[in-house]
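Below you'll find the structure, written out as structure tokens, and then a few comments.
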Amino acid sequence: MAIKIYNTLSRTKEDFKPGTPLKATFYVCGPTVYDYIHIGNARVFIVFDVIRRYLQYRDFDVKLVQNYTDIDDKMINRAKEQGITVPELAARFIEAYESDVAALKVRPADIKPRATEHVEQIVGLIQKLLTNGYAYVSEGDVYYDTSRFADYGKLSQQKQDELVAGARVEPGEKKRSPLDFALWKQRKEGEPSWKSPWGEGRPGWHIECSAMSTHYFKDTLDIHAGGADLIFPHHENEIAQTWGADSRPLARYWMHAGYLNIESQKMSKSLGNVRTVRELLEQHDPLDLRFLILSAHYRSPLNFSADLVAQSRAGRQRLQEMIDNFLVAQDGAATRQDQGEEKLLADLKEAKARFISAMDDDFNTAEALGVVFDLARSCNIYLKENHPYNMELISEALNFYRDFNGIFEVLEIPEKQELDNEVSALIARRDKARENKEWATSDKIRDELAARGIVLEDTPHGTRWKRKDCLQ
RNA sequence: GGCGACAUAGCCAAGUGGUAAGGCAGAGGACUGCAAAUCCUUUAUCCCCGGUUCGAAUCCGGGUGUCGCCUCCA
């Protein structure tokens, strides 16, 4: 069975057939590094992180490129506001970005190119467009001539004349058509600039992604991804540029993550509800944030609120409890064969198949989580009813959860359960007290440990302990 | 105005023709010295009205509602 990907270009799910079997070239539009990223940005990066990991799990050799946009109007304006240079601004927020997404367990891309380090490639691409007649120079600026590209509007499913009708025309435009967009902008006083055949200036926004993806992948790439709002005009323009220069599609599959709303409202500066990752990390466990984001399908709109994070946390705890219990059980040495074992074995096998089938179907993380919860119930029943346990079965189940977590990363699954001699000694004392029905003593010990953030659970096979999460 | 998406229990959320996964919260029960955890039971006329079909949450038409894009906002 092939992996299916919803391709924005065709508006259907298609079988994933990369240019080279079992290789996937993957480009995700990265941040403009002028500010801290917000939770909506984070959704995009988390979703495509999981998709990347799943492709790897399915034996694809994935090469991921994610750019930094470190030169554009927002960069220039913000640097001016803060009285620093654009490169200083970029350095600061690249660092902030990397630390934010690392906290969210997003693995770094293989290559992280910056626009300003690829001006040579950008200029080369613009020259090609001029040579091929897809661009024109106008008073020091260079524009893409959208009228030359018949498929312009295909990705966003809009007709050119309709786009023209809806377009806003700025006074003093140097463009021939309102749909044309800047490839190169003439230098303005006090702005960073580079030399070019058309005079000093800087790249337009859209050209960098076309230039860098071509530079690193040479050929049509397999997956190009980003937030839904990039469909138009950014990705539309990238397609036009690459076609104009090389007469080839930029990407085979276009993937777009849905919006994230705050308390059912669009996140916007005017509403004052932009929530930065930095701020949210102070209030929430990053794994809870990941879990919430993965609990909906990546293309659906997703709501964000503290209450929903709490719901996610509670659900996540259920899985974590089960894992912790399995880790404790793993320390035993017993084996035995019985009916419960066959049941769990069958459930495990089914869960693996269902998990893959859910994820193969356009990365349906919500359904996959359902599978994981179903299996957790089976695991809990096994633990409850089948002591002593079959160690092989226990570790096989744990391996499934390790594979799952290697993709989703919403749990903590250490190799072995944590040991603490002092706690063990206190538990032993308490067990003795309980044997003698000295409840006051036993409860006192439990309270003492609770005050230290350690929660005890008495099971038929002994007392176990766990750390109560300190985060609120 | 043009284009598009979505509408499933108190909350979140899967499910694209065959009779509603899963999670959170709630209720009852089992287990426990008490807890905690766990297990069992329980909670849905799938926005409305038509139509197609033996059969629709799923397809078609209409309506209502929410949202997005058309503004270099992920």
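A, B, ... follow the sequence lines: proteins, then strands. Residue 1 opens every chain. Quantities reported herein were computed from a predicted structural model and do not represent experimental measurements.
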When you compare [N] with [M], how far apart are their [atom1] atoms, in angstrom units rounded to a whole number?
| N | M | atom1 | answer |
| --- | --- | --- | --- |
| B:C34 | B:U43 | C1' | 30 Å |
| B:C47 | B:A57 | C1' | 12 Å |
| B:G50 | B:A56 | P | 14 Å |
| B:A44 | B:U19 | C1' | 14 Å |
| B:A20 | B:C46 | C1' | 7 Å |
| B:G33 | B:G23 | P | 28 Å |
| B:C59 | B:A5 | P | 12 Å |
| B:A9 | B:C24 | C1' | 12 Å |

Tell me which nucleotide among [options] gets nearest to the side chain of [X].
| X | options | result |
| --- | --- | --- |
| A:Tyr259 | B:C69, B:G15, B:A37 | B:C69 |
| A:Ala314 | B:A25, B:C69, B:C11 | B:A25 |
| A:Arg430 | B:A13, B:G33, B:G22 | B:G33 |
| A:Ile381 | B:C40, B:C73, B:A36 | B:C40 |
| A:Arg11 | B:A25, B:C69, B:G4 | B:G4 |
| A:Arg434 | B:G15, B:U38, B:C34 | B:C34 |

Just N and O in the side chain of [X]: are any of them under 4.0 Å from OP1 or OP2 of [N]?
| X | N | value |
| --- | --- | --- |
| A:Arg377 | B:G23 | yes |
| A:Asn325 | B:U38 | no |
| A:Asn380 | B:C39 | yes |
| A:Tyr382 | B:C39 | no |
| A:Lys159 | B:G4 | no |
| A:Ser300 | B:A14 | yes |

*Stacked pair A:Phe373-B:G23, distance under 5.5 Å, angle under 30°*: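 Check failed, A:Phe373 does not stack on base of B:G23.
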
Distance criterion of 3.5 Å, no angle test: do you see the side chain of [X] paired donor-to-acceptor with the base of [N]?
| X | N | result |
| --- | --- | --- |
| A:Asp443 | B:G33 | yes |
| A:Arg318 | B:A37 | no |
| A:Arg299 | B:C6 | no |
| A:Gln311 | B:G23 | yes |

*Going by atom types only, do A:Asp180 and A:Tyr136 share a side-chain donor-acceptor pair under 3.5 Å?*
yes

*Which of residues 37-52 of chain A have a heavy atom under 4.0 Å from RNA chain B?*
A:His38, A:Gly40, A:Asn41, A:Val44

Atom [atom1] of [X] and atom [atom2] of [N]: how far apart are they, to the nearest Å?
| X | N | atom1 | atom2 | result |
| --- | --- | --- | --- | --- |
| A:Lys4 | B:U16 | NZ | P | 12 Å |
| A:Leu294 | B:C12 | CG | C1' | 14 Å |
| A:Glu385 | B:C31 | CD | P | 14 Å |

_Nucleotide forming a Watson-Crick or wobble pair with B:G17, both distances under 3.5 Å_ = none

*Base partner of B:C3, which must satisfy Watson-Crick or wobble distances under 3.5 Å*: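 Across all strands, the one nucleotide that pairs with B:C3 is B:G68.
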
_Judged by each residue's nearest nucleotide on RNA chain B, which is more toward the 5′ side, A:Asp374 or A:Gly30?_
A:Asp374

*Which residue lies more 5' along RNA chain B, comparing A:Ala182 with A:Gly315 via nearest heavy atoms*: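 Closest to the 5' end, via its nearest nucleotide, is A:Gly315.
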
*Mind checking A:Gln158 for me? I need base, sugar-phosphate or nothing, with any heavy atom below 4.0 Å counting as a touch.*
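A:Gln158: base contact, heavy atoms under 4.0 Å.
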
